[in-house]
Chemist: 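After the structure tokens below, expect a handful of questions from me.
Numbered from 1 within each chain, the chains take letters A, B, ... in sequence-line order. Quick note: numbers below take in every heavy atom, side chains included, and nothing from hydrogens, waters or symmetry partners.
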2 protein chains.
Amino acid sequence: MFSFTEENYLKAIYHLSGGAQKSVLTNELAEAMQTKAASVTDMLKKLAVKELVQYERYYGVNLTGKGKSEALQIIRKHRLWETFLVEKLSFTWDEVHEVAEQLEHIQSPRLINKLDEYLGFPKSDPHGDPIPDQHGKLKALPQVSLDQLKPGSKGTISSVKDDDPELLKYLEKIGAKPGKKLEVVSRESYDESVEILLDKRKVFFSKEVSKNILLVI
Amino acid sequence: MFSFTEENYLKAIYHLSGGAQKSVLTNELAEAMQTKAASVTDMLKKLAVKELVQYERYYGVNLTGKGKSEALQIIRKHRLWETFLVEKLSFTWDEVHEVAEQLEHIQSPRLINKLDEYLGFPKSDPHGDPIPDQHGKLKALPQVSLDQLKPGSKGTISSVKDDDPELLKYLEKIGAKPGKKLEVVSRESYDESVEILLDKRKVFFSKEVSKNILLVI
DNA sequence: GTAAAAATTTAGACGAGTCTAAAAAATTTT
DNA sequence: AAAATTTTTTAGACTCGTCTAAATTTTTAC
């Protein structure tokens, strides 16, 4: 139905717009897609003709209903495959993203629904991200990133950014996985690094890392 | 490493050459690839530059060692995925070919070896075709197609053509699966249809069908 | 509120893979 | 063995997704 490239654009627009909430600018998209702004402009025109996005010259792009629904199907596939790789093939959570980026483009509704069933209809993937259902319904939790939490507050890790293997290996070592509870002890005003309590141990995270850890409070 | 298209050409050349045994002509390849002879010529030149084939103008093409090895890797992936779909996701054998055509192009040696392990290192796929090992070694049985067998001879079905869902549904209904023993009762000289004994039942196959059933005798 | 800077789009080009139409080489027929 | 036929290749063009360079629009700075 759609090309790999088109699917990747839709997915990137979905993520950058915070779930089709706000417009996405050409340069943001160019950076996310590792390409040039001129190429993005060309592609946005094509997606607009196919009614997958609303595109206004110089003012960025928004997903249409059709575009959002397509993006969610791709995200569903990505997260189900990640779950399969970890649960069934015993991949570690830092290894799955790259392979899932390929698997998410396989065209077969039957395959993905059978896979969903085989995995027991999981609600979230190994990084804690929610898996959209067959109809594209997504159960989004109200999440806060760790860099925004005040000292004294407690929360449970709900998800972590899934596409940086080095970060994931580091968090694995520390034990900072979805489901773990933590408490913010203090924040250093100089560099905004943060000290937390996790499994009764004191742990320090740089601001950079803390931005990639999402919690429910 | 190689594009989808290149991989599909290598696979087609492998099959049409009977496992890199003989040269493949431009028109055969054009028919197999559902494309035009001119396009095939263009692609063969590119594959020759990459040293995947030896191509001689007007005289067809042969796989090089490198090309054969690449083709076998793709066939390995195709057959492992078919096995996965049937064994784990309970697809029927007529549904798997089309999806495996997509899955065979996923690039991840780690994935395919983990999948192999997860499936218990199967020796053949659901249609009876042998699965090459990690190093591309293929255990090829000496097979005869049913249309070449004389009345009175017995054999065991070793494989059936995997890419025609209608044929596969028909054979499923009849019970003609790999592993089943059969005996040729008679052949009608008029249309070369054949009468066989399968599970103590008499069954008739047209020549067309009998060409697609391979046996070990 | 105009000038400089930044962001975006347009114009023209390229490589991959495909096509049609025409030319060239091989094969078959007579 | 020359003519007719078939097969294959060449030439030139098209689409897709990309690029660079130049032009345009928006935003920021003064």
Side-chain angles (χ1 to χ4, degrees), chain A residues 1-17 22-63 66-67 70-71 74 101-102 104-107, chain B residues 1-17 22-63 66-67 70-71 74 101-102 104-107:
Chain A
M1 193 69 176
F2 304 111
S3 73
F4 273 38
T5 309
E6 287 170 332
E7 293 190 351
N8 286 333
Y9 269 93
L10 292 175
K11 192 171 48 125
I13 295 168
Y14 182 89
H15 288 310
L16 290 172
S17 66
K22 57 178 198 286
S23 292
V24 175
L25 302 177
T26 303
N27 270 358
E28 300 180 68
L29 207 38
E31 161 141 37
M33 297 293 297
Q34 305 253 68
T35 184
K36 298 299 151 92
S39 310
V40 172
T41 300
D42 289 346
M43 179 54 75
L44 292 182
K45 286 191 208 163
K46 287 176 199 164
L47 294 176
V49 169
K50 298 190 179 183
E51 300 187 317
L52 293 163
V53 301
Q54 283 182 270
Y55 167 57
E56 194 150 2
R57 234 150 95 271
Y58 294 102
Y59 289 94
V61 72
N62 287 92
L63 289 174
K66 197 172 149 191
E70 189 59 33
I74 299 156
E101 289 280 294
Q102 298 180 60
E104 72 191 5
H105 299 293
I106 303 293
Q107 305 280 358
Chain B
M1 192 68 176
F2 304 110
S3 73
F4 273 38
T5 308
E6 288 170 331
E7 292 191 349
N8 285 333
Y9 269 93
L10 291 175
K11 192 170 51 128
I13 296 168
Y14 182 89
H15 288 311
L16 291 172
S17 66
K22 56 179 197 284
S23 292
V24 176
L25 301 176
T26 303
N27 271 357
E28 299 180 70
L29 206 39
E31 161 142 37
M33 297 294 296
Q34 306 254 65
T35 185
K36 298 299 152 90
S39 310
V40 172
T41 300
D42 289 346
M43 179 54 77
L44 293 182
K45 286 190 208 163
K46 286 176 199 164
L47 294 176
V49 169
K50 297 189 180 186
E51 300 187 316
L52 294 162
V53 302
Q54 283 183 268
Y55 166 56
E56 194 149 3
R57 234 150 96 271
Y58 293 101
Y59 290 94
V61 71
N62 288 91
L63 290 174
K66 196 171 151 192
E70 190 59 30
I74 299 156
E101 289 281 293
Q102 297 180 61
E104 72 191 6
H105 299 292
I106 303 293
Q107 306 279 0

Chemist: Would you kindly give the CD-to-C1' distance between B:E6 and C:dT18, to the nearest whole Å?
Modeler: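 Spelled out: CD on B:E6 to C1' on C:dT18 is 14 Å.
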Chemist: So A:E101 and A:K11, do their side chains get closer than 4.5 Å, heavy atoms only?
Modeler: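 With C-beta onward as the side chain, the pair touches.
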Chemist: With the side chain counted from C-beta on, respond yes when B:T41 and B:R57 share a heavy-atom pair under 4.5 Å apart, and no when they do not.
Modeler: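 No; the side chains remain at least 4.5 Å from each other.
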Chemist: Give me the ring orientation class for B:F4 and A:F4: parallel if the planes are under 30° apart, tilted from 30 to 60°, perpendicular past 60°.
Modeler: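 B:F4 vs A:F4 ring planes: perpendicular.
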Chemist: Measuring from atom CG of A:L47 to atom CG of A:D42, what distance do you get when rounded to the nearest 0.5 angstrom?
Modeler: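 A:L47 atom CG to A:D42 atom CG measures 11.0 Å (nearest 0.5 Å).
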Chemist: Closer than 4.0 Å, any side-chain N/O of A:S3 to the OP1 or OP2 of D:dG17?
Modeler: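 Affirmative; the distance criterion is met.
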Chemist: Using only atom types and a distance under 3.5 Å, with no angle test, would you say the side chain of A:Q102 pairs donor to acceptor with the backbone of B:Q107?
Modeler: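 Looks like yes, one N/O pair under 3.5 Å.
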Chemist: Which whole-number value in Å describes the distance from A:D42 CG to C:dT8 C1'?
Modeler: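 So the two atoms are 12 Å apart, to the nearest Å.
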Chemist: Measure the distance from CD on A:E31 to P on C:dA7 and round it to the nearest whole Å.
Modeler: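 After rounding, the gap between these two atoms is 11 Å.
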Chemist: Is the phosphate of D:dT8 approached by B:N27 (side-chain N or O, under 4.0 Å from OP1 or OP2)?
Modeler: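 The answer is yes; a side-chain N or O of B:N27 sits under 4.0 Å from OP1 or OP2.
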Chemist: Please name the pair of heavy atoms, one in A:Y14 and one in A:A71, separated by the smallest distance, quoted to 0.1 Å.
Modeler: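 Distance-wise, the nearest heavy atoms are CB-CB, 3.8 Å.
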Chemist: For the OG atom of A:S17 and the CG atom of A:L25, what is their distance to the nearest 0.5 Å?
Modeler: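 With rounding to 0.5 Å, OG (A:S17) is 11.5 Å from CG (A:L25).
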Chemist: Phosphate oxygens OP1/OP2 of C:dT9: is one of them under 4.0 Å from a side-chain N or O of A:Y55?
Modeler: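 Checking C:dT9 against A:Y55, a side-chain N or O does come within under 4.0 Å of OP1 or OP2.
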Chemist: Side-chain contact, heavy-atom cut-off 4.5 Å: A:K50 with A:E70?
Modeler: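 With C-beta onward as the side chain, the pair stays apart.
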Chemist: Taking only the side-chain nitrogens and oxygens of A:Y9, find out if one of them lies under 4.0 Å from OP1 or OP2 of D:dT18.
Modeler: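 Yes, such a contact exists.
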Chemist: Pick out which of A:N62, A:L44, A:L52 makes a side chain to side chain contact (heavy atoms under 4.5 Å, CB included) with A:I13.
Modeler: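 Option passing the side chain to side chain contact (heavy atoms under 4.5 Å, CB included) with A:I13: A:L44.
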Chemist: Tell me whether the side-chain N/O atoms of B:T26 come closer than 4.0 Å to OP1 or OP2 in D:dT9.
Modeler: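 Affirmative; the distance criterion is met.
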Chemist: One character per nucleotide, please: for nucleotides 20-26 of chain D, 5' to 3', B when the base has a protein heavy atom closer than 4.0 Å, S when only the sugar-phosphate does, - otherwise.
Modeler: B---BSS
Chemist: Heavy atom of residues 43-51 of chain A under 4.0 Å from DNA chain C: which residues?
Modeler: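 Output list: A:K45.
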Chemist: For C:dA11, which nucleotide is its Watson-Crick or G-U wobble mate, given both distances must be under 3.5 Å?
Modeler: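 Looking at the geometry, C:dA11 pairs with D:dT20.
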